[in-house]
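Comments concern the structure below.
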4 protein chains.
Amino acid sequence: MFAFRMIDRSGVPAYLQLVDQVRRGLLLGHLQEGDQLPTVRAVASELVINPNTVAKAYRELEHAGLAAARAGQGTFVTGSIEQVPAATYARLSGRLRQWLADARGAGLAPEQVRAMVEAVMDDEQHRETA
Amino acid sequence: MFAFRMIDRSGVPAYLQLVDQVRRGLLLGHLQEGDQLPTVRAVASELVINPNTVAKAYRELEHAGLAAARAGQGTFVTGSIEQVPAATYARLSGRLRQWLADARGAGLAPEQVRAMVEAVMDDEQHRETA
Amino acid sequence: MFAFRMIDRSGVPAYLQLVDQVRRGLLLGHLQEGDQLPTVRAVASELVINPNTVAKAYRELEHAGLAAARAGQGTFVTGSIEQVPAATYARLSGRLRQWLADARGAGLAPEQVRAMVEAVMDDEQHRETA
Amino acid sequence: MFAFRMIDRSGVPAYLQLVDQVRRGLLLGHLQEGDQLPTVRAVASELVINPNTVAKAYRELEHAGLAAARAGQGTFVTGSIEQVPAATYARLSGRLRQWLADARGAGLAPEQVRAMVEAVMDDEQHRETA
DNA sequence: GTGGTCTAGACCACC
DNA sequence: GTGGTCTAGACCACG
């Protein structure tokens, strides 16, 4: 069963973090059409957040056509997004992991690693836009 | 003079995005102690956001000891964070850029790239915490 | 529940006066860790000031580690400052009240009393610093 | 010659602190009609603030009828406020100093002393108003 | 209902 | 010109 991760304090609304995780799971093939999502109650108790917050995330997913609740059964993934081919994913994620390991090996703190990733990605994005 | 980037719609409050950009600038050595930050009004007009929002970000930086406002003069960087050595930065950011180029070359949409990066980083972070 | 006093026109920003009152409450034992502060809206309507001003004060307290806001629940005292022992407080505040009564009895206007207190305290403080 | 004290960061505008100190000096008899105030330049350099700020304070005093500038000579105290009789002042300030010494002797930090004084005075003032 | 963010715009203190 | 404070009011996230 798909599992959600801890809610951090990045400023991103909790319900959006849940939505993003499902979306990400679909993009990367960790979630398939038909898969069941954990129940609202389970997520709420696991992450220690209010069930309303989880419900809002699921509602958002339904609205996006990515999930649907089946009365008495739970919520299931219904839609799909263009997935990254498994081979491509394996290759790229492997290299990315190596890069991360290298960065950590060079003595960079997690905060510094994240800063660098964000800086470079923002930079690329900006270059495209410009 | 340091320049801020457009505010995205990721759900992260605008003022926090500004704070993060300064923090990142310090981590990566793009900002030094004593540097002047653009004036509140300049940032507000540049990014088309409310001056109060910028002021809030600057105040947050002040609380963190990273900047100080001088009435009638502007806001200046006062603190510093452990920086990434320039050589390390150059090497790692170069490789990261290559990775990004490769990912784009493999046909991944920006959204997919970002999802992969976030997934892998969250994963690593989770592994450390666990 | 803790209650705030009217904001005076001494030139001290309203939000700072609120912060000082909480700080003072902690120093003198009138506020304890875990106590709930009045809601932003309650204070704003009570003192006839803008909710944003109250929120700013509460945020300042949060930065100082003295309070924490819980969305949907309210703001609570979280930290503490070294308190004045109750007995010491009782004895000293009693004598101070007598002094004030005496000063008023001698015909001093409130403004004169305040001027004297400030002059003497500034004097002492200056002597220590020097 | 009358001397101004350091500007603190209490939130009270610098120019108001200067005005208050003159007013206080008059109330307590430390300043008499005809006394000369230090020049704008002297105060500005002594307290390391902008001459404009000092000039604004002096203008405020002129406006209140408490001081007047004589071209080429300086600024002089012209008005007066009801003073506290010297004997009363001596007696009361002496007792207040004793109280302060006692409070410090009881181990109270300056911050705690100030908090207590403010709490008691606010309390009295509130009682009168009510 | 709670606090949080953002906008728009006025006024003030300081350089 | 700079930043700082305050108001008024809208909208959002969370419980």
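Worth saying up front: this structure is predicted, and the values here are computed from it rather than measured. Throughout, a chain's letter reflects where its sequence line sits, starting with A, and its residues are numbered from 1.
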How far does CG of D:L61 sit from CD of D:Q21, to the nearest 0.5 angstrom?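 One gets 11.0 Å once the value is rounded to the nearest 0.5 Å.
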So how far is it from C:L31 CG to C:Q83 CD, rounded to the nearest 0.5 Å? 9.5 Å
Sole candidate of A:V54, A:N52, A:T53 that passes side chain to side chain contact (heavy atoms under 4.5 Å, CB included) when paired with A:V40: A:V54
Is it true that, when you exclude B:E46 itself, more than 12 heavy atoms of the residues, nucleotides or ligands shown sit nearer than 6.0 Å to its CD?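 Counting neighbours around CD of B:E46, 12 or fewer heavy atoms of other residues, nucleotides or ligands fall under 6.0 Å, so no.
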Okay, side chain of [X], backbone of [Y]: is any donor-acceptor separation there less than 3.5 Å?
{"X": "C:E62", "Y": "C:A69", "value": "yes"}
{"X": "C:Q112", "Y": "D:L28", "value": "no"}
{"X": "C:D122", "Y": "C:A119", "value": "no"}
{"X": "C:T78", "Y": "C:G65", "value": "yes"}
{"X": "A:Q36", "Y": "A:T75", "value": "no"}

Is the shortest distance from a Lys or Arg side-chain nitrogen in B:E118 or A:R114 to a carboxylate oxygen in the other one below 4.0 Å?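 Result for this pair is no, no salt bridge flagged.
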Decide, yes or no, whether a salt bridge links A:R24 with B:D123 under the criterion of side-chain N to carboxylate O below 4.0 Å.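 Salt bridge flag = no for B:D123 with A:R24.
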Can you name the residues that form a ring-ring contact (aromatic ring centres under 6.0 Å, His included) with B:F2, not counting sequence neighbours?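 Once residues adjacent in sequence are excluded, the partners of B:F2 under the ring-ring contact (aromatic ring centres under 6.0 Å, His included) criterion are B:F4.
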Could you check C:A14 against B:R70 and say which one's nearest nucleotide on DNA chain F is further toward the 5' end? B:R70
Nearest-nucleotide 5' precedence on DNA chain F, C:L16 against B:G72: B:G72
Nearest-Å distance for atom pair OH/C1', residues A:Y15 and F:dC12: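 Rounded to whole Å, this separation is 8 Å.
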Residues in residues 49-60 of chain A with a heavy atom under 4.0 Å of DNA chain F, by number, are A:N50, A:N52, A:T53, A:K56
Test salt bridge (charged side-chain N to carboxylate O under 4.0 Å, His left out) applied to B:R41 - qualifying residues, sequence neighbours left out: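 Listed in chain order: nothing, the list is empty.
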When you measure from every atom of DNA chain E, which of residues 35-46 of chain C have a heavy atom less than 4.0 Å away?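 Result for residues 35-46 of chain C: C:T39, C:V40, C:R41, sorted by number.
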Hey, which sits more toward the 5' end of DNA chain E by its nearest nucleotide, B:A71 or C:Q73? C:Q73
Using Watson-Crick and G-U wobble pairs with both distances under 3.5 Å, what is the 5'-to-3' dot-bracket string of DNA chain E, with [ ] for crossing pairs and | for pairs outside the strand? ||||||||||||||.
Covered region of DNA chain E, 5' end to 3' end, by chain C [heavy atoms, under 4.0 Å]: E:dG1 to E:dC6
